[in-house]
Amino acid sequence: MGAAPASRDVTSYGMGLAAPLALFFLLFFVAPLLQLFWLSLHNDTAGLHWGLGQYLHFLTDPFSLGVLGSTLLLGAEVTAVCLVLGFPIAWLYQRVGPKLQTIIILIVLLPLLTSVVVRTFAWIVILGRQGIINATLQSLGIIDTPLKLLYTQFGVVIALAQVQMPLMTLPLITALGRIDPNLDDASCSLGAGSWRTFFRVVLPLSLPGLIAGCTLTYAAAITAFITQSLIGGGQMLFMPMYLYQQASTLQNWPFAAAISIIFLLAVLAVVSVFTTLGRMSRGYGGA
Amino acid sequence: MIMNRRSLLTTALTLGAMKAFPGLSYAQARPLVFATFTGSWEEAHKAVLVPAFRKANADAAMVLDPMLSVDQIAKVNAAKANPPIDVMLHDPGPALVAIGQDLVEPYPVEKSAYYKDLITEAQEPMGPAPFFQVVGLTYNPEAVKTPPTSWADLWKPEFKGRVGITNLNSTLGTGWLVEIAKMRGGSEANVDPGFKALEELKPNLAAVAANPGALATLFQQGQIDISPGNFNAIQILKARGVPVEFVAPKEGAIAFKTTIHIVKNSPNRELAFKLIEAALTPEVQTTLMNPPYLIVPTNSKVTMGGEIARVLAKDTAELKQKFVFQDWKKINEQRSAWIERFNREIKI
């Protein structure tokens, strides 16, 4: 064993501590990803002929591009719903007493404590033809025939928004908690109204949490295979189901691999837009 | 210093790895591995087939490793020389894929005591069919007062917005489409009439489920009242009190052979053969035919009884007459094109 260096820079940390995790990622994430990429560069299902055929097939096929587009749009819709519904909860959390805070946190966390499958089945019961919503509306005489809620885009967005809500609310609660409450009072005492205070002070300062929440919700919503297929049904095709179909039913692994890579790149693009917004917001928040 | 920190760590990691992946240290001598399907299949095999096999083979060690057909194929493909599975179970589509990829051995027919007793359709030299899956019409008797009798009933105007189907990912969905095509003059090679019929079915469609399991739950929710359905899946729902009934349509119920195969290069070839023999015995098949399993037997020596005799067939002769078998070799050729077409055309 070599002798320890006489003096150490106490402000820097060795990268060695991160090595086990890095090794783990290298073995179980990077290596399979490279294998996936390698597979996607083959034109035949047996993986013998090299070529970009799978990518060309996807990118020149309006149907496939439509699936990609509708998946990315679904993510945007779910994120927007989560943001609009989640922000007030997070805001409220910072302004109530400790007892209510515990209740709010419990309500926010509760969905995370049950399995996604269970939560999704609950939504089938709520949205079904004889479900809670239709039964209530019918008994109130508002509608005659049941509304079609299950197996619609609307149903998928609502169910996903509920399922993914904690991913939005928790970062927002943290971000809002870091804002000095005195800033509100300062803004008010300087003559700003509540709305102005919100838009000029609270919102900019909460942006890091907001962007983190959006990124998490977005990524979770577009990849939510179970909820998408159970609430959306077999005829609403999103990327995860498309992938599954190609890989599992059709055994067309190179095309499935190409779909994964394209999907991954599309998601990375969206996430990097969020990150750029986050970086810009730092400048804005400081102004 | 004999042992420094680094060598200690290495030793610890190695020991840990051996603990975590015991396969590393003894890859050769392993028990017989049977990859059955998940869910009710696993339950039935655990309760009936495994005990019967162990009783007949001096308590030989065996493991059930339930997984989907496609996963079985992928796993065996990844280690052809030393496969981690000895016995595979397949639906007709994947069975042909496994045979085509040279993953299974021919069944030693001449050694088998039961093979010759199987119904002709179940005698597959690359792996016999110990069970049939049967697809017919499923309906909610509370909402549908006159029981349906034909696939054509799904198109009746009274079922507007009440019909459920599955997409073509499943054997059920694909087999059903072929049957509809046949009803309208098509065949396994030409499903155009089937797609035309689907187009006309759209006003009646309430749901296109992602898989047969999801379809079954829609009856519970009152989302659909009638659909093509798997006999076994319906019996499970019925046992739980859901109002559903199964009828074999007059065109014939679609029968899928569930075939069982010895994996090529299996280190437990002899035991694998014994397990399959156990699955073919009249005793095991009779037990599996009775509640709660209600699995359709393929051994002609089994006397049909209970619900199967009531709704499907009283004996082998009637079974042959009422069941429709499909040519999955032809179906597999074009299945990916159909799935693509279904993706594009069926939007409700």
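Proteins get letters first, then strands, A, B, ... in listed order; numbering begins at 1 in each.
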Visitor: Side chains of A/Gln245 and B/Asn343 only: does a donor on one sit below 3.5 Å from an acceptor on the other?
Guide: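 B/Asn343 and A/Gln245 do have a side-chain donor-acceptor pair below 3.5 Å.
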Visitor: With a 4.5 Å heavy-atom cut-off, do A/Leu237 and B/Phe342 have their side chains touching?
Guide: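 No; the side chains remain at least 4.5 Å from each other.
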Visitor: Quick one: CZ on A/Phe63 to CZ on B/Arg341, what's the gap to the nearest 0.5 Å?
Guide: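 So the CZ of A/Phe63 and the CZ of B/Arg341 are separated by 13.5 Å.
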Visitor: Can you say whether B/Ile224 sits under 4.5 Å from chain A via the side chain, the backbone, both, or neither, judging by heavy atoms?
Guide: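 Looking at B/Ile224, nothing touches chain A.
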Visitor: Out of curiosity, B/Glu340 CD to A/Leu250 CG, how far, rounded to the nearest 0.5 Å?
Guide: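 It comes to 8.5 Å.
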Visitor: Under 4.5 Å from any heavy atom of chain A, what part of B/Thr166 do you find: side chain, backbone, both or neither?
Guide: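 Neither part.
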Visitor: Examine whether an atom of B/Leu215 lies under 4.5 Å from a heavy atom of chain A, and if so say whether it belongs to the side chain, the backbone or both; otherwise answer neither.
Guide: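 Neither part; nothing is under 4.5 Å.
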Visitor: What heavy-atom pair brings A/Met241 and B/Ala210 nearest, and what distance separates the two atoms?
Guide: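 Distance-wise, the nearest heavy atoms are CE-CB, 3.4 Å.
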Visitor: Is A/Arg129 salt-bridged to B/Asp225, going by a charged N under 4.0 Å from an acidic O?
Guide: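 Salt bridge: no.
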Visitor: Checking side chain to side chain contact (heavy atoms under 4.5 Å, CB included) for the pair A/Tyr244/B/Val70: CA distance, chi angles, key distance, verdict?
Guide: CA-CA 11 Å; A/Tyr244 172 80; B/Val70 282; 5.8 Å; no
Visitor: Rounded to the nearest 0.5 Å, how far does CG of A/Leu150 lie from CD of B/Gln223?
Guide: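 Answer for the CD-CG pair, B/Gln223 versus A/Leu150, is 4.5 Å.
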Visitor: Please assess B/Gln220 against A/Ile124 for the test side chain to side chain contact (heavy atoms under 4.5 Å, CB included), listing each intermediate value before the final yes or no.
Guide: CA-CA 10 Å; B/Gln220 257 166 314; A/Ile124 295 183; over 6 Å; no
Visitor: By a 4.5 Å heavy-atom criterion (distance strictly below it), what part of B/Ile73 contacts chain A: side chain, backbone, both, or neither?
Guide: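 Contact with chain A is through the side chain of B/Ile73 alone.
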